[in-house]
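Below is one structure, written out as structure tokens; comments come after it.
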There are 2 protein chains.
Amino acid sequence: MIIQIEPQSDVPIYEQVSRQIIEGIARGDMKPGDTLPSVRNLAADLCVNMHTVNKSYHELEAKGILTIRAKSGAIIRSVEERALTSEQLQQIEKNLKPLVAEGMVLGASVDQIELMMKKVFADLQMPVEGV
Amino acid sequence: MIIQIEPQSDVPIYEQVSRQIIEGIARGDMKPGDTLPSVRNLAADLCVNMHTVNKSYHELEAKGILTIRAKSGAIIRSVEERALTSEQLQQIEKNLKPLVAEGMVLGASVDQIELMMKKVFADLQMPVEGV
DNA sequence: TGTTTGTTATATTGATTATATAACAAACAT
DNA sequence: ATGTTTGTTATATAATCAATATAACAAACA
């Protein structure tokens, strides 16, 4: 798993870490049961503070993606353990909406946006038809 | 146009205003050529500071959605005036990716995510087939 | 038994967000 | 022509967030 931090990004570092871990899991780079590097090791790798990585891990735990065992490590939960609640779906939908709306207002067509979605799926190596 | 502010949201107020204006335009509540309320009026309506609304307007101008005429007002640009650049599309795609990835990791299927997209389209009253 | 681990605590720095006032000059309405 | 409204600019303040820096603790691990 390679994580690239953009220091000048408007996205906080801890959020960049969270997202790239999620994408790594979605892509299959990391599988359920795998142990994440210790917060100290990953922090050293990324040249960031320990607490920054720790914040990411806890964010992922709050989302139900990880299980943190105190003084041991962080383990990726299986899909079965992750309960996809309607609240989570609604949250994602809520975050999706302004992006789609912006695209539409800027002049993108429905087709363009759906094509964009398919590109994202392809990038995450999800099995989609018609890519 | 009704704008609802959630003071406890983790989304900044100026960002909430920007998003809801964009959604209003996408939905057709506001049309190109329409003038937005003055920053002072809208701020009074929302019970927020003038500068907060001003920040929203300038964000929308930076995105190419508005034209601010100094000491006169803010006008919604037409789709023809708004140049949809590939950079803008890439930016949206970049923001879309972590949301989709999170959905996938949490156990959502491709179908569920595409259904979610269609719900968003429907909410924005975009003409989509199969909704 | 020593090392590694996550946890907790404290402190500091910088940036962001939001508000509060105030003044200015151009635009607007009557 | 006059008074009001407009966006702009400036300054100041408070609160929150993001990130770093140390340090110490106790459980887990080899």
Side-chain angles (χ1 to χ4, degrees), chain A residues 1 3-22 30 33-77 91 95 98, chain B residues 1 3-22 30 33-77 91 95 98:
Chain A
M1 255 286 286
I3 292 180
Q4 281 289 348
I5 298 299
E6 296 179 26
Q8 309 295 354
S9 169
D10 57 330
V11 181
I13 296 175
Y14 78 93
E15 188 64 32
Q16 293 184 45
V17 174
S18 296
R19 290 183 184 182
Q20 291 186 45
I21 290 174
I22 290 178
M30 320 184 76
D34 283 358
T35 304
L36 287 169
S38 76
V39 291
R40 282 180 174 85
N41 274 347
L42 184 52
D45 278 2
L46 304 179
C47 297
V48 300
N49 194 272
M50 186 197 73
H51 299 294
T52 305
V53 175
N54 197 241
K55 194 172 179 180
S56 292
Y57 283 14
H58 279 276
E59 190 186 38
L60 293 174
E61 190 183 38
K63 288 186 174 181
I65 295 173
L66 298 182
T67 298
I68 299 178
R69 289 189 310 183
K71 283 134 199 173
S72 173
I75 299 174
I76 302 174
R77 301 178 79 183
Q91 188 58 48
N95 293 333
Chain B
M1 256 285 286
I3 293 180
Q4 282 288 348
I5 298 299
E6 296 179 25
Q8 309 295 355
S9 170
D10 57 330
V11 180
I13 296 175
Y14 80 93
E15 188 63 31
Q16 294 185 44
V17 174
S18 296
R19 290 182 184 181
Q20 292 187 45
I21 290 174
I22 290 177
M30 318 183 77
D34 283 358
T35 305
L36 288 169
S38 74
V39 290
R40 283 180 174 85
N41 274 346
L42 184 52
D45 277 2
L46 304 179
C47 298
V48 299
N49 194 272
M50 187 197 72
H51 299 295
T52 306
V53 175
N54 197 241
K55 194 172 180 180
S56 292
Y57 283 14
H58 280 276
E59 191 187 39
L60 293 174
E61 190 183 37
K63 289 187 174 181
I65 296 173
L66 299 182
T67 299
I68 299 177
R69 290 190 310 184
K71 283 133 199 172
S72 172
I75 299 175
I76 302 174
R77 300 178 79 185
Q91 188 57 49
N95 293 332

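The shown structure was predicted, so the numbers you read here are calculated from the model rather than taken from an experiment. Sequence lines set the chain letters: A, B, ... in the order given, protein chains first and strands last, and positions in each chain run from 1.
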Go through the steps to decide whether A/Ile76 and A/Leu66 satisfy the test side-chain contact (heavy atoms from CB on, under 4.5 Å), and finish with yes or no. CA-CA 5 Å; A/Ile76 302 174; A/Leu66 298 182; 3.9 Å; yes
Within residues 13-20 of chain A, residues whose heavy atoms come under 4.0 Å of DNA chain C: none
Please enumerate all protein N or O atoms sitting under 3.5 Å from an N or O of nucleotides 28-30 of chain D, with distances to 0.1 Å.
unit_1, atom_1, unit_2, atom_2, d
D/dA28, O4', A/Lys71, O, 3.4

d(A/His58 NE2, A/Lys63 NZ) to nearest 0.5 Å is 15.0 Å
In this structure, how many angstroms lie between the P atom of D/dT22 and the CZ atom of A/Arg40, rounded? 14 Å
For B/Leu46, which residues count as a side chain to side chain contact (heavy atoms under 4.5 Å, CB included) partner, sequence neighbours excluded? B/Ile3, B/Ile5, B/Val17, B/Leu42, B/Val48
Heavy-atom contacts under 4.0 Å between residues 51-65 of chain A and DNA chain C, which residues? A/His51, A/Asn54, A/His58
Nearest heavy-atom pair of A/Tyr57 and A/Ala74: which atoms, and what distance? CD2-CB, 4.0 Å
Using modelled atom types only, decide if a donor and an acceptor are shared between the side chain of B/Gln20 and the backbone of B/Gln4 within a distance under 3.5 Å. yes
With a 4.0 Å cut-off, would you call A/Glu15 and A/Arg19 a salt bridge? yes
Let's see if you can work this out: which of D/dG7, D/dA19, C/dG6 has an atom nearest to the side-chain heavy atoms of A/Val39? C/dG6
Give a yes or no on whether the backbone of B/Ile68 and the side-chain of B/Glu61 come within a donor-acceptor separation of less than 3.5 Å. yes
Hey, is the main chain of B/Tyr14 close enough, under 3.5 Å, to the side chain of B/Ser56 for a donor-acceptor pair? yes
Stepwise, does the side-chain contact (heavy atoms from CB on, under 4.5 Å) test hold for A/Met50 with A/Asn54? CA-CA 6 Å; A/Met50 186 197 73; A/Asn54 197 241; 5.5 Å; no
Counting C-beta onward and ignoring hydrogens, is there a side-chain heavy-atom pair between A/Ile13 and A/Lys55 closer than 4.5 Å? no
If you compare all heavy atoms of A/Gln16 against all heavy atoms of A/Ser9, which two are closest, and at what distance to 0.1 Å? NE2-CB, 3.5 Å
Stem finding on DNA chain D, please: runs of three or more consecutive Watson-Crick or G-U wobble pairs, both distances under 3.5 Å, sorted by first number. C:1-12 with D:19-30, C:14-30 with D:1-17
Criterion side-chain contact (heavy atoms from CB on, under 4.5 Å) on A/Ile75 and A/Arg69, from CA distance to verdict: CA-CA 8 Å; A/Ile75 299 174; A/Arg69 289 189 310 183; 3.8 Å; yes
How long is the straight-line distance from CZ of A/Arg77 back to CD1 of A/Ile65, given to the nearest 0.5 Å? 10.0 Å
CE (B/Met30) and OG1 (B/Thr35) are apart, to the nearest 0.5 Å, by 9.0 Å
B/Gln8 CD - D/dC17 C1' separation (whole Å): 16 Å
Near-strand residues of residues 41-50 of chain A, defined as heavy-atom separation under 4.0 angstrom from DNA chain C: A/Asn41, A/Met50
Here the distance between atom C1' of C/dT16 and atom CG of B/Asp10, to the nearest Å, is 14 Å
